Visitor: 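Please find one structure pasted underneath; my questions will follow.
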Protein chains: 4
Amino acid sequence: MKRPASKPRPRGRPPRAPEQSEARRRAILDAALVEFAAHGFAAARLDDVARRAGIAKGTLYLYFADKEALFEALVQGAIRPLLDNLQKVADLPDVPTRQVLKLLFATFAREVLGSDRKLLLRLLITEGARFPRLVTFYHAEIVAPGLALMHKLMTRAAARGEIANDAPARFPQLVMAPLLLAVVWDMLFGRIAALDVEGLIDAHVGLLVGEGRAAP
Amino acid sequence: MKRPASKPRPRGRPPRAPEQSEARRRAILDAALVEFAAHGFAAARLDDVARRAGIAKGTLYLYFADKEALFEALVQGAIRPLLDNLQKVADLPDVPTRQVLKLLFATFAREVLGSDRKLLLRLLITEGARFPRLVTFYHAEIVAPGLALMHKLMTRAAARGEIANDAPARFPQLVMAPLLLAVVWDMLFGRIAALDVEGLIDAHVGLLVGEGRAAP
Amino acid sequence: MKRPASKPRPRGRPPRAPEQSEARRRAILDAALVEFAAHGFAAARLDDVARRAGIAKGTLYLYFADKEALFEALVQGAIRPLLDNLQKVADLPDVPTRQVLKLLFATFAREVLGSDRKLLLRLLITEGARFPRLVTFYHAEIVAPGLALMHKLMTRAAARGEIANDAPARFPQLVMAPLLLAVVWDMLFGRIAALDVEGLIDAHVGLLVGEGRAAP
Amino acid sequence: MKRPASKPRPRGRPPRAPEQSEARRRAILDAALVEFAAHGFAAARLDDVARRAGIAKGTLYLYFADKEALFEALVQGAIRPLLDNLQKVADLPDVPTRQVLKLLFATFAREVLGSDRKLLLRLLITEGARFPRLVTFYHAEIVAPGLALMHKLMTRAAARGEIANDAPARFPQLVMAPLLLAVVWDMLFGRIAALDVEGLIDAHVGLLVGEGRAAP
DNA sequence: GATGAATGAGGATTCATTCAT
DNA sequence: AATGAATGAATCCTCATTCAT
């Protein structure tokens, strides 16, 4: 009896500069990254994402169909840079394995562990089970190629006698395992006991290509 | 002999009679493990937990104060067995490091990766960030002691010349990293490409204690 | 950062007598009838339905899957009584057509136009286009059989010379049209100018079976 | 010749230039008719109306104050033509009632049932309850005068002995009822079982003015 | 005049939690 | 102790309306 009668009080948009839509998209993704990483997909509130992005709730939906699409775009969008990094390593000239690994790990430490990108890895790990599509894509585009590359690298290193045995060639995952550990450690125990990532990586490289052994 | 069942159903407690409340607690925890692991803490429904445990929703609250308490009890409760396993390793007589590691990893593969206990690790990884108390406890009770033990083991091994350098002694996490990787891999990529955990572990042990090197 | 911490303030149900679930279902349907009829399907608020039914919003969902299901149950449920009424007419002994019609129309006027059941017809008319399933069902169960019955009745009447021609036999809808008009009139113009339904019906019967003509 | 179109699109008003605002108003009304008829007032989206009209959403508000005003203008605007049609019938010379009715009904069938104008009637029926002002207006301008006219027509016909009794004179609604039925039938059951409107109307005229009876 | 991105109140739906039985 | 119907706060998403350009 009151619905059509009471003209809903005027709503609309308060004056806000125009800003390029792409910047806004980025702002939303940045905000989403923080909120999703902090609370997880299910517990994150789009309300908070909007507030953090400095926009209205409804505006989110101009850029992303729904919560899930936002999440997927978030994780999806991070894959391209990772791919690029991977490519750089693949294109490395024929330098000693030790150097390749050092560079690779250092890059990872800087670009991922040392930046917000780390949060994306977190999300992939913590929410992956709920987003099979994303995981499948990520496996096909990053993990499998990355491992293949590592396999080649390690095979060559083994042939050259740079590493003690062919274990890392057969299981390139072994080469990456400490990086994953670093991510998870930071995510869980970072507050309690920070991990000396650099030291860890150095030690790992030492283990792989044998330090002292090189100059007996 | 069980005549009472044919009475006009008392509308309230089902005729399940006196049963040990401890069994019920277990049933709830088992059900909770499955549901939490499948959907994550936030998305899991206590309704489903109750149904899976074969009890009424309200009954949950007779055993656990709330959803969070249930979750914590779940993860907490799994720590004791882990502790015990750890102790067993610590108590090992003075056997070769290679054997200790083999035993340790095999036990982990069997008791954790090969059982539902794997789900608990998953939960710790995926939900840990939201349960600092749990993570703190886990770190204090399991991770720190475990790493300390590993440190001792590796230090001894290095002193004995069983391993090439002191990297694993300084970063005992390196020893555990592949196990973590196995858990995460299974959790994310298990469906896509199963990991040969046994092979991975063997290779890892080979890398640590040097296979071929032993018999030149 | 605050989600899992702040235990949501205790909610639950305030003391309310048990009442049989069936009565509650009825209360909901009754409330829904009023609200849907007053505002239409889209504009009706389940909140209002709940309030009118004297229950909490969430309780609705214990009885009906969603708004649509509630609406369909509402209209669906009204079909049974209509069917029964129809059957009564069909079972009438071989009385004069005039009397059959009088009875039929009087019943309709009393049972439908004179009661809340009229609202259901309204809903069918106003919302039917949005609920094809409902309309299909209604056509198959009520309209088609009803027209078939009317066809038989009018054919017999024509054969007996009780009516002037076979128009009503060929288009039994003609017999019902004034009833529909009465419903729509009441729905739209009832407030402005009440319709003398009884007079209308009498006049219609007179038109059909010829009043004065019979006894000049 | 239409070079301006190749200028760097002025980002704002499309180069549609000066066009008559009246045409645009019509386009909006036409689009609104379709959308409102398809979904009902509450469920129709102004977004869709704008898209269908080929204009921007904001432009709607240059022509109509709000959704309600648009709806009212829509239904209101259709009344004029109906009035005109009515007038034509009223102005008919003194021809036989049968012919007047035939013409009236045929006009209705062609101009209303056979055109998009039918949708307007639908809207009046389905949404009328929510727009009392509209219904009042419609009653005053169309229904009451129409019935008055019909009353006069039927009274004259009865006096002349063209119809069997004075029922239609006393309840001119009876004359219109089948038309209403045709509208509602089409609206609800059109998909399921098309109605032979022409046949229905013929039969109805036959019933009113007596077919065979005229020439015994 | 025209645009359409932005707004935010509103409403459907979910689910942890309670409590009369 | 156990039940499960009832509760209502919380949150996603929609869409009428506005206004800077």
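For clarity, every value in this text was computed on a predicted model and none was experimentally measured. Here is the naming used below: chain letters follow the sequence lines, and residue numbers restart at 1 for every chain.
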Visitor: Take atom CG of B:L70 and atom P of E:dA16, then tell me their distance rounded to the nearest Å.
Guide: 11 Å

Visitor: If I take atom NE2 in residue D:H39 and atom P in nucleotide F:dC15, what distance separates them, rounded to the nearest angstrom?
Guide: 10 Å

Visitor: Can you tell me the distance, in whole Å, between the CZ atom of D:R25 and the C1' atom of E:dG1?
Guide: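 Going from CZ in D:R25 over to C1' in E:dG1 covers 16 Å.
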
Visitor: Check every strand shown and say whether D:L46 touches a base, only sugar-phosphate, or nothing at a heavy-atom separation below 4.0 Å.
Guide: sugar-phosphate

Visitor: Calculate the interatomic distance between A:I55 atom CD1 and E:dT7 atom C1'; express it in whole Å.
Guide: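 After rounding, the gap between these two atoms is 10 Å.
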
Visitor: OP1 or OP2 of E:dG8 versus the side-chain N and O atoms of A:K57: is any pair under 4.0 Å?
Guide: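 False: A:K57 side-chain N/O out of range (4.0 Å or more) of E:dG8 OP1/OP2.
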
Visitor: Taking the nucleotide of DNA chain F with the nearest heavy atom to each, does D:D47 or A:A42 sit closer to the 5' end?
Guide: A:A42

Visitor: Using only side-chain N and O atoms of D:R51, determine if any of them is under 4.0 Å from OP1 or OP2 of E:dG4.
Guide: no

Visitor: Which listed nucleotide (F:dA6, E:dA6, E:dA2) is nearest to the side chain of C:T59?
Guide: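 Of all the options, the side chain of C:T59 is nearest to F:dA6.
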
Visitor: Expressed in angstrom and rounded to an integer, what is the separation of C:L60 atom CG from F:dA5 atom P?
Guide: 15 Å

Visitor: Can you tell me if the side-chain N/O atoms of D:R24 get under 4.0 Å from OP1 or OP2 in E:dG1?
Guide: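 It does not, given that no N or O in the side chain of D:R24 lies less than 4.0 Å from OP1 or OP2 of E:dG1.
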
Visitor: How about D:E127 and D:F36: do any of their side-chain heavy atoms sit closer than 4.5 Å?
Guide: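 In short, these two side chains do not touch, never coming nearer than 4.5 Å.
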
Visitor: Which of these nucleotides, E:dA16, F:dT3, E:dT7, is closest to any side-chain atom of A:A56?
Guide: E:dT7

Visitor: Hunt down any stem DNA chain F takes part in, defined as 3 or more consecutive Watson-Crick or G-U pairs whose two distances are each under 3.5 Å.
Guide: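 Runs of three or more consecutive pairs: E:2-21 with F:2-21.
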
Visitor: Heavy atoms under 4.0 Å, any strand shown: does C:F64 hit a base, just sugar-phosphate, or nothing?
Guide: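 No contact.
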
Visitor: With a non-hydrogen cut-off below 4.0 angstrom, is A:A65 in contact with a base, only sugar-phosphate, or nothing?
Guide: nothing

Visitor: Looking at side-chain heavy atoms only, is the closest gap between B:L70 and B:L46 below 4.5 Å?
Guide: yes

Visitor: Let me know the distance between CG of C:L62 and P of F:dT3, rounded to the nearest Å.
Guide: 18 Å

Visitor: Taking atom C1' of E:dT17 as reference, at what distance in whole Å does atom CZ of B:R45 sit?
Guide: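 Rounding to the nearest Å, CZ of B:R45 and C1' of E:dT17 are 16 Å apart.
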
Visitor: Side-chain contact test, heavy atoms from C-beta onward, threshold under 4.5 Å: evaluate it for A:F71 versus A:L123 and give yes or no.
Guide: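 They are in contact (side-chain heavy atoms under 4.5 Å apart), so the answer is yes.
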
Visitor: Check whether any side-chain heavy atom of A:R133 lies under 4.5 Å from a side-chain heavy atom of A:Q76, and answer yes or no.
Guide: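 No; the side chains remain at least 4.5 Å from each other.
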
Visitor: Within residues 30-38 of chain D, find the residues that approach DNA chain E with a heavy atom at under 4.0 Å, and present them sorted by residue number.
Guide: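 None, since no heavy atom is under 4.0 Å.
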
Visitor: Name the residue closer to the 5' end of DNA chain E, choosing between B:Y61 and C:K67 according to the nucleotide with the nearest heavy atom.
Guide: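 Closer to the 5' end of DNA chain E: C:K67.
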
Visitor: Quick one: on DNA chain E, does C:E68 or A:Y63 contact a more 5' nucleotide (nearest heavy atom)?
Guide: A:Y63

